[in-house]
*Asks:* 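Once you've had a glance at the structure underneath, I'll fire off some questions.
Naming convention: chains lettered A, B, ... in sequence-line order (proteins, then strands); numbering from 1 in each chain.
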Amino acid sequence: MRHWLVKTEPDTFSLEDLRRESPALWDGVRNYQARNFLREMRCGDVVLIQHSSCKVPAIVGLAVVSEIALPDPTASQPDHAGFDPRHVADLEAGKPPRWLAPRLAYLRPLSTTLPLSRIKAAPPMAESHLVRRARLSVMPLNENEIACIASLAGESLMP
DNA sequence: GCCAACGTTGGC
DNA sequence: GCCAACGTTGGC
């Protein structure tokens, strides 16, 4: 079982939205590195939900992967900002979809939200994707990073 | 709202 | 296939 971190803008889709709509399709990812990570997700993996582009960017709660590697339907909708004709062409050609979405089931909030500033300042995070790869919206966390974040959060990150 | 980081596009 | 121009992300 792996741990992942995903970013979402709470004005668009917050942890509370996920709670209400759980399980929800995690759509709209349009970055190849992030897509490749989505492809590696497996059912039962734990996903840390991070609010971004908001007052206090922070990890706010946990979800669990409930379905994997579904074609992202928003990439097939011409009226959608994430529309990509190459995605439609892939599907029509019987090729694997270019853009993927897992389905995530709400698990629980953190007892206290954990600001990104605290996470980034922790020495074990120095080599993490979170610190080193600006703008990446889906990333795996290794054992050290999970332990570090759990310690900062003061609670378990297990399902 | 600014702007650095950095991914994508397209001319050559 | 290089790389300059351009667009987007996201912390601050």
Side-chain angles (χ1 to χ4, degrees), chain A residues 2-19 21 24-41 45-63 65 69-93 95-104 106-107 109-142 144-154 157:
Chain A
R2 300 176 75 185
H3 279 76
W4 303 90
L5 182 146
V6 302
K7 301 178 183 176
T8 185
E9 301 188 13
D11 288 350
T12 305
F13 195 81
S14 67
L15 182 68
E16 185 60 17
D17 292 323
L18 177 62
R19 188 187 65 76
E21 299 177 28
L25 201 60
W26 201 262
D27 59 20
V29 173
R30 295 292 182 277
N31 168 281
Y32 289 103
Q33 191 180 5
R35 188 275 314 270
N36 293 342
F37 286 139
L38 289 180
R39 192 177 272 154
E40 295 178 24
M41 285 187 176
D45 285 355
V46 172
V47 179
L48 280 61
I49 307 292
Q50 186 221 303
H51 282 173
S52 65
S53 294
C54 55
K55 197 155 189 177
V56 182
I59 293 176
V60 293
L62 304 181
V65 177
L70 302 161
D72 185 339
T74 65
S76 300
Q77 298 165 7
D79 57 338
H80 195 282
F83 175 65
D84 187 345
R86 298 168 302 179
H87 175 85
V88 177
D90 289 345
L91 292 177
E92 286 172 353
K95 293 199 268 184
R98 180 171 304 248
W99 301 117
L100 303 174
R103 202 179 297 280
L104 301 186
Y106 178 84
L107 210 50
L110 290 192
S111 56
T112 56
T113 64
L114 184 55
L116 209 54
S117 57
R118 290 196 60 211
I119 301 168
K120 287 188 165 184
M125 301 304 294
E127 301 300 314
S128 67
H129 290 291
L130 190 62
V131 170
R132 308 204 55 168
R133 297 245 48 134
R135 308 194 307 169
L136 185 62
S137 63
V138 178
M139 67 196 80
L141 299 167
N142 69 28
N144 281 343
E145 293 156 6
I146 298 157
C148 174
I149 295 169
S151 169
L152 290 172
L157 301 177

*Asks:* Among all residues two or more places apart in sequence or in another chain, which pass the side chain to side chain contact (heavy atoms under 4.5 Å, CB included) test with Asp90(A)?
*Replies:*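 Testing Asp90(A) for side chain to side chain contact (heavy atoms under 4.5 Å, CB included), a comparison that skips the adjacent residues, returns Lys95(A), Arg98(A).
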
*Asks:* Applying side-chain hydrogen bond (donor to acceptor under 3.5 Å, both in side chains), name anything that partners Arg135(A), two or more places apart in sequence or on another chain.
*Replies:*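 In terms of side-chain hydrogen bond (donor to acceptor under 3.5 Å, both in side chains), with neighbours along the sequence ignored, Arg135(A) is linked to no residue.
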
*Asks:* When the C1' atoms of the five terminal pairs at each end define the local axes, what inter-axis angle does the helix from dG1(B)-dC12(C) to dC12(B)-dG1(C) show, to 10 degrees?
*Replies:*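 End-to-end axis angle: 10°.
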
*Asks:* Determine, stepwise, if the pair Val6(A) / Gln50(A) fulfils side-chain contact (heavy atoms from CB on, under 4.5 Å).
*Replies:* CA-CA 6 Å; Val6(A) 302; Gln50(A) 186 221 303; over 6 Å; no

*Asks:* Going by the rule side-chain hydrogen bond (donor to acceptor under 3.5 Å, both in side chains), which residues pair with Gln33(A) if we only count those two or more places apart in sequence or in a different chain?
*Replies:* none

*Asks:* Taking only heavy atoms on the protein side, list every residue of residues 3-17 of chain A lying under 4.0 Å from any atom of DNA chain B, sorted numerically.
*Replies:* none

*Asks:* Suppose we screen for ring pair (Phe, Tyr, Trp, His ring centres under 6.0 Å). Which residues come up paired with Phe83(A), at least two apart in sequence or across chains?
*Replies:* none

*Asks:* Could you tell me which residues satisfy side chain to side chain contact (heavy atoms under 4.5 Å, CB included) with Thr113(A), sequence neighbours excluded, listed by chain and number?
*Replies:*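 Side chain to side chain contact (heavy atoms under 4.5 Å, CB included) list for Thr113(A), sorted by chain: Ala58(A), Val60(A).
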
*Asks:* If you look only at pairs with a residue in residues 5-17 of chain A, which of them pass as a side-chain hydrogen bond (donor to acceptor under 3.5 Å, both in side chains), with sequence neighbours excluded?
*Replies:*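 As it turns out, the side-chain hydrogen bond (donor to acceptor under 3.5 Å, both in side chains) pairs with a partner in residues 5-17 of chain A, which skip direct neighbours, are Ser14(A)-Asp17(A), Glu16(A)-Arg19(A), Asp17(A)-Arg20(A).
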
*Asks:* Along DNA chain C, 5' to 3', what are the outermost nucleotides having an atom less than 4.0 Å from a heavy atom of chain A?
*Replies:* dG7(C) to dG11(C)

*Asks:* Which pairs, with at least one residue in residues 74-83 of chain A and sequence neighbours excluded, count as a side-chain hydrogen bond (donor to acceptor under 3.5 Å, both in side chains)?
*Replies:* Arg30(A)-Thr74(A), Asp72(A)-Thr74(A)

*Asks:* Any base atoms under 4.0 Å from Ser53(A), or only sugar-phosphate, or nothing? Heavy atoms, all strands.
*Replies:* base

*Asks:* Can I get a per-line list of side-chain donor-acceptor pairs under 3.5 Å for residues 115-124 of chain A, giving both atom names and the distance, sequence neighbours left out?
*Replies:*
none

*Asks:* Provide the full list of salt bridge (charged side-chain N to carboxylate O under 4.0 Å, His left out) pairs with a residue in residues 52-61 of chain A, sequence neighbours left out, each pair given once.
*Replies:* none

